[in-house]
A.B. asks: 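Before anything else, here's the structure in question.
Note that this is a predicted model, so its numbers are computed, not measured. Every chain is numbered from 1 and lettered A, B, ... according to where its sequence line falls, protein lines coming before strand lines.
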Amino acid sequence: MPNLTSWYRSAARDLPWRRREFHDGFGAWGVLVSEFMLQQTPATRVIPHLDAWLTRWPTPAAMAEATTAEVVQQWANLGYPRRALWLHRAAIEVVERHGGVVPRDVDALLALSGIGDYTARAVAVFSYGDRYPVVDTNTRRVLARAVEGRAHPAPPSRRDLALMDALLPDDDVEAALFNAATMELGATICTARAPRCEVCPIAEQCAWLAAGRPDTGDARRRQAAYEGSDRQARGTVLRLLRDAAPDAVPLAAVIPEWPDARQRDRAIDSLIADGLAETDGEGLTLPR
DNA sequence: TATGCGTGGGG
DNA sequence: TCCCCAAGCAT
């Protein structure tokens with residue numbers, strides 16, 4: 001798909017982590033932080049937080065010195081606050097195992113907390129310029145459609161990596177561009193809900209379009225309802241702790257109005273178990 | 001392999 | 001309005 005990278009060169013969004021100054025200023029640490037934030041959070045929501053984060057903690061060593069409470073509070077409303085915990089742990093591991101330098105080796109990256117197949121290769125490729133397949137949800141959707149002729153990708157698997165690897169150009173720089181271009185196409189043109197095939201640069205090579213876009217409206221596994229869920233309870237408790245920090249909230253004042261007291265207590269217990277909260281028996285706080 | 005894990009914007 | 005889903009990861 002040779003027209004994909006040429007399309008990317010002209011159509012790519014101007015995102016902070018794609019700018020030269022960003023890489024010059026924050027290096028692989030900046031890429032790592034941005035990738036953590038981008039895990040399941042839209043780019044437009046990440047942008048306002050990224051600069052503040054990196055200004056406060058410009059290196060892994062700086063962040064390793066922070067408390068969990070500070071990190072969770074700075075994470076604010078980005079969602080999935082366990083990511084803040086994992087990023088903090090990863091910073092500490094980078095200091096302890098790698099002298100404060102984000103590793104280049106994919107296996108070393110994979111061994112860091114909160115880093116999986118996507119993030120490890122994203123850092124290796126987008127920061128260090130090495131040649132690996134970078135496969136995220138956008139890439140998997142583009143491959144499912146363009147190559148396999150299906151509206152939706154199968155669940156993530158190692159096969160995605162092999163498929164993308166086979167499509168990657170030999171040259172490191174071109175391969176990195178191809179990775180980024182595929183993700184960008186999925187994010188902006190080949191979207192999940194309303195793909196804009198009319199302006200797609202690889203429409204002529206797309207198996208799904210050639211087949212008449214079968215199964216366009218098929219819904220996949222439904223996300224569990226959020227209203228009334230344990231996750232909502234956890235989110236509400238944690239917001240309370242963030243707003244109160246560094247002060248503790250008396251246990252009796254932790255969302256006493258919550259309709260399901262057992263669910264509330266379950267949320268508190270699970271936050272403590274995750275390391276996102278702690279208690280002395282009287283109050284609840286973000287961990288010190 | 002399937003599930004749990006936040007939060008908010010857009011169709 | 002409601003619902004889909006978003007640069008995933010750990011278990």
A.B. asks: Quick one: hydrophobic cluster around A/Leu271, which other residues, with the 4.5 Å side-chain cut-off, linked directly or via members?
C.D. replies: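 The other cluster members (ILVMFWY side chains, heavy atoms under 4.5 Å, direct or chained) are A/Val72, A/Leu85, A/Val237, A/Leu238, A/Leu240, A/Leu241, A/Val249, A/Leu251, A/Val254, A/Ile255, A/Trp258, A/Ile268, A/Ile272, A/Leu276, A/Leu284, A/Leu286.
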A.B. asks: Give the residues of residues 36-58 of chain A touching DNA chain C, defined as any heavy atom closer than 4.0 Å, sorted by residue number.
C.D. replies: A/Leu38, A/Gln39, A/Gln40, A/Pro42
A.B. asks: I'd like the 5' and 3' limits of the part of DNA chain B contacted by chain A, with heavy-atom contacts below 4.0 Å.
C.D. replies: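 Result: B/dT3 to B/dG10.
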A.B. asks: Which residues satisfy the side-chain contact (heavy atoms from CB on, under 4.5 Å) test with A/Asp165, sequence neighbours excluded?
C.D. replies: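 Residues passing side-chain contact (heavy atoms from CB on, under 4.5 Å) with A/Asp165: A/Arg131, A/Pro133, A/Leu168.
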A.B. asks: Return the set of residues passing side-chain contact (heavy atoms from CB on, under 4.5 Å) with A/Ala52 (not counting sequence neighbours), or none when no residue passes.
C.D. replies: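 Here the qualifying residues are A/Gln74.
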A.B. asks: So what does A/Asp117 hit on the nucleic acid, given a heavy-atom distance under 4.0 Å: a base, only sugar-phosphate, or nothing?
C.D. replies: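 The answer is sugar-phosphate, as A/Asp117 gets under 4.0 Å only of primed atoms, P, OP1 or OP2.
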A.B. asks: If you look only at pairs with a residue in residues 243-266 of chain A, which of them pass as a salt bridge (Lys or Arg N to Asp or Glu O under 4.0 Å), with sequence neighbours excluded?
C.D. replies: A/Asp230-A/Arg266
A.B. asks: In residues 70-93 of chain A, what residues come within less than 4.0 Å of DNA chain C, judged by heavy atoms?
C.D. replies: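 A/Trp86 - these, ordered by number, are the residues of the stretch whose heavy atoms sit under 4.0 Å from the strand.
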A.B. asks: My understanding is that only residues two or more places apart in sequence, or in another chain, count here; which of them pass side-chain contact (heavy atoms from CB on, under 4.5 Å) with A/Thr41?
C.D. replies: A/Arg45, A/Val46, A/Leu78, A/Arg83
A.B. asks: Side-chain heavy atoms under 4.5 Å apart, restricted to Ile/Leu/Val/Met/Phe/Trp/Tyr: what other residues fall into the cluster of A/Leu209, or is it alone?
C.D. replies: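 None, because no other hydrophobic side chain comes under 4.5 Å of this residue.
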A.B. asks: Return all side-chain donor-acceptor pairs below 3.5 angstrom for residues 22-38 of chain A, not counting sequence neighbours, or 'none' if the list is empty.
C.D. replies:
| unit_1 | atom_1 | unit_2 | atom_2 | d |
| --- | --- | --- | --- | --- |
| A/His23 | NE2 | A/Trp17 | O | 2.8 |
| A/Trp29 | NE1 | A/Trp57 | O | 2.9 |
| A/Ser34 | OG | A/Gly30 | O | 3.4 |
| A/Ser34 | OG | A/Val31 | O | 2.8 |
| A/Glu35 | OE1 | A/Tyr118 | OH | 2.7 |

A.B. asks: What pairs with A/Arg193 under salt bridge (charged side-chain N to carboxylate O under 4.0 Å, His left out), at least two apart in sequence or on another chain?
C.D. replies: none
A.B. asks: Which residues satisfy the side-chain contact (heavy atoms from CB on, under 4.5 Å) test with A/Asp280, sequence neighbours excluded?
C.D. replies: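 Once residues adjacent in sequence are excluded, the partners of A/Asp280 under the side-chain contact (heavy atoms from CB on, under 4.5 Å) criterion are A/Glu282.
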